There are 2 protein chains.
Amino acid sequence: MVTARNTRRDVVAAAGRLFAERGYHGTSMRDLGKELGLLGSSLYSHVSSKQDLLVDVVEEGARLFEASAEKALAAEGSASDRLEALISGHIDVVVDNIEVARTFLNEARMLDLEHRSRVIGARDHYEAAFRTVIAEGIAEGDFRGDVDHKTASIFILSILNAIERWYRPTGALDRDALVAELWGFTRSALG
Amino acid sequence: MVTARNTRRDVVAAAGRLFAERGYHGTSMRDLGKELGLLGSSLYSHVSSKQDLLVDVVEEGARLFEASAEKALAAEGSASDRLEALISGHIDVVVDNIEVARTFLNEARMLDLEHRSRVIGARDHYEAAFRTVIAEGIAEGDFRGDVDHKTASIFILSILNAIERWYRPTGALDRDALVAELWGFTRSALG
DNA sequence: CCTACCGATCGGTAGG
DNA sequence: CCTACCGATCGGTAGG
């Protein structure tokens, strides 16, 4: 075999790349075909619609974040340790899957109602992990008693979700430094 | 006069609304016409292209944020006071101009290269205000000596720029409470 | 602001 | 995965 044909996975990966760069509505099936070296119409042997591709990319994003949270919550240690693990895991997901993360964060609203509702549910569930851990940290005395765990979780997630907007793998701040900076900022804000 | 005709301002305002909701590429000129009660083709007596509308909305956003920063920096008091004014002013801009702010934050990347560069420049200039004030606060002893003013300004702006994603005017957290929460969080993180 | 269009492009299908 | 299409919609124009 000299040149392998594209698989569905290839198509979904390329879709993630283009949706992240140009947006869902800014990407045509012909654009996507060109990215893979084939015609737009040929994509329909891999997927049944353009929306299908968005569903696949966004649900992959949801799975990655959910898996990260599950792992962080299962870790030993204090609530403060688990919050650090949540932050570190989130940064890993974004850094290692930047196109999927960007599409998940910016293009999920282009999903049809049914799928969008599912994603919003997953997002709420993920945010609840942060909220709970912060509340536990307050109860355990790791964090100040006068912080509002709801607002604090929104603020921390805001920082995490914005990373895709400025993070560059070749930049001055690498993954470890970013985790350290953000955890320092957060610890200080909550402590 | 019974029913006034639409002005260019009306058209730009409606464009901001739709671009914020559905994205630039998700909004057609016919959609926009319908929003205003006229045909898509009639919009061309007010603007010369769809891109023109995006330019107008985004540059209005840039002006609002720049004016807010200018006012905050001119205020009396310590660097810490000026940072609080920057945060409070930013929240005002978002809360009072949510569609413009959303379009500015999410759709500026759909601008053609020339205008996009200008917006990126304005954005950098705005971020520099935060960076400088934080650096001054460190120098004045208002903030801890071990915070990195670059990273801290990115983190604070991340929180500010995410407000459009979750803030609801009818929600539990009103403008004043939001300013108080965020300023408390920030002071604690930096102090 | 409407009528009446234009060429280009869109997502998608049938059949191989 | 390509050929050869389809109807719908796109941004935009001429002329009133």
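So that the names make sense, note that chain A is the first sequence line, chain B the second, and so on, each numbered from 1. This is a predicted model, so every value here is computed, not measured.
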Using the side-chain contact (heavy atoms from CB on, under 4.5 Å) rule, pick out the option among B:L36, B:N6, B:L53 that qualifies with B:L43.
B:L36
Applying the side-chain contact (heavy atoms from CB on, under 4.5 Å) criterion to A:R116, which one of A:V58, A:L111, A:V55 satisfies it?
A:L111
Would you please classify the geometry between the B:H90 ring and the B:F130 ring as parallel, tilted or perpendicular, with 30° and 60° separating the classes?
perpendicular
When the ring planes of B:F104 and B:F65 are compared, do they come out parallel, tilted or perpendicular, using 30° and 60° as the limits?
tilted
What residues from residues 31-50 of chain B pass a heavy-atom cutoff of under 4.0 Å to DNA chain C?
B:L38, B:L39, B:S41, B:S42, B:S45, B:H46
What are the residues of residues 106-116 of chain A, sorted by number, that bring a heavy atom to within less than 4.0 Å of DNA chain C?
none
Can you tell me how far [atom2] of [N] sits from [atom1] of [X], to the nearest Å?
X: B:R8; N: C:dC1; atom1: CZ; atom2: P; answer: 14 Å
X: A:R30; N: D:dC6; atom1: CZ; atom2: P; answer: 14 Å
X: A:R22; N: C:dC10; atom1: CZ; atom2: P; answer: 11 Å
X: B:L53; N: D:dG12; atom1: CG; atom2: C1'; answer: 13 Å
X: B:L18; N: D:dC10; atom1: CG; atom2: P; answer: 13 Å
X: A:H25; N: C:dC10; atom1: NE2; atom2: C1'; answer: 12 Å

Does A:R118 pair with A:E59 as a salt bridge, N-O distance under 4.0 Å?
yes
Considering only NZ, NE, NH1 and NH2 on the basic side and carboxylate oxygens on the acidic side, decide whether B:R144 and B:D146 come within less than 4.0 Å.
yes
Any chance you could encode DNA chain C as dot-bracket? Rule is Watson-Crick or G-U wobble with both distances under 3.5 Å; [ ] for pairs crossing earlier ones, | for another strand.
||||||||||||||||
Between [X] and [Y], is there shared hydrophobic-cluster membership here, with clusters defined by ILVMFWY side-chain heavy atoms closer than 4.5 Å?
X: A:L173; Y: B:I159; value: yes
X: B:L39; Y: B:Y44; value: no
X: B:I120; Y: B:Y126; value: no

Are A:S28 and C:dT9 close enough that a side-chain N or O sits under 4.0 Å from OP1 or OP2?
no
Hydrogens and angles aside, do A:N106 and A:E164 bring a side-chain donor and acceptor to less than 3.5 Å of each other?
yes
Least distance between heavy atoms, A:G89 atom then A:S68 atom
C-OG, 3.3 Å
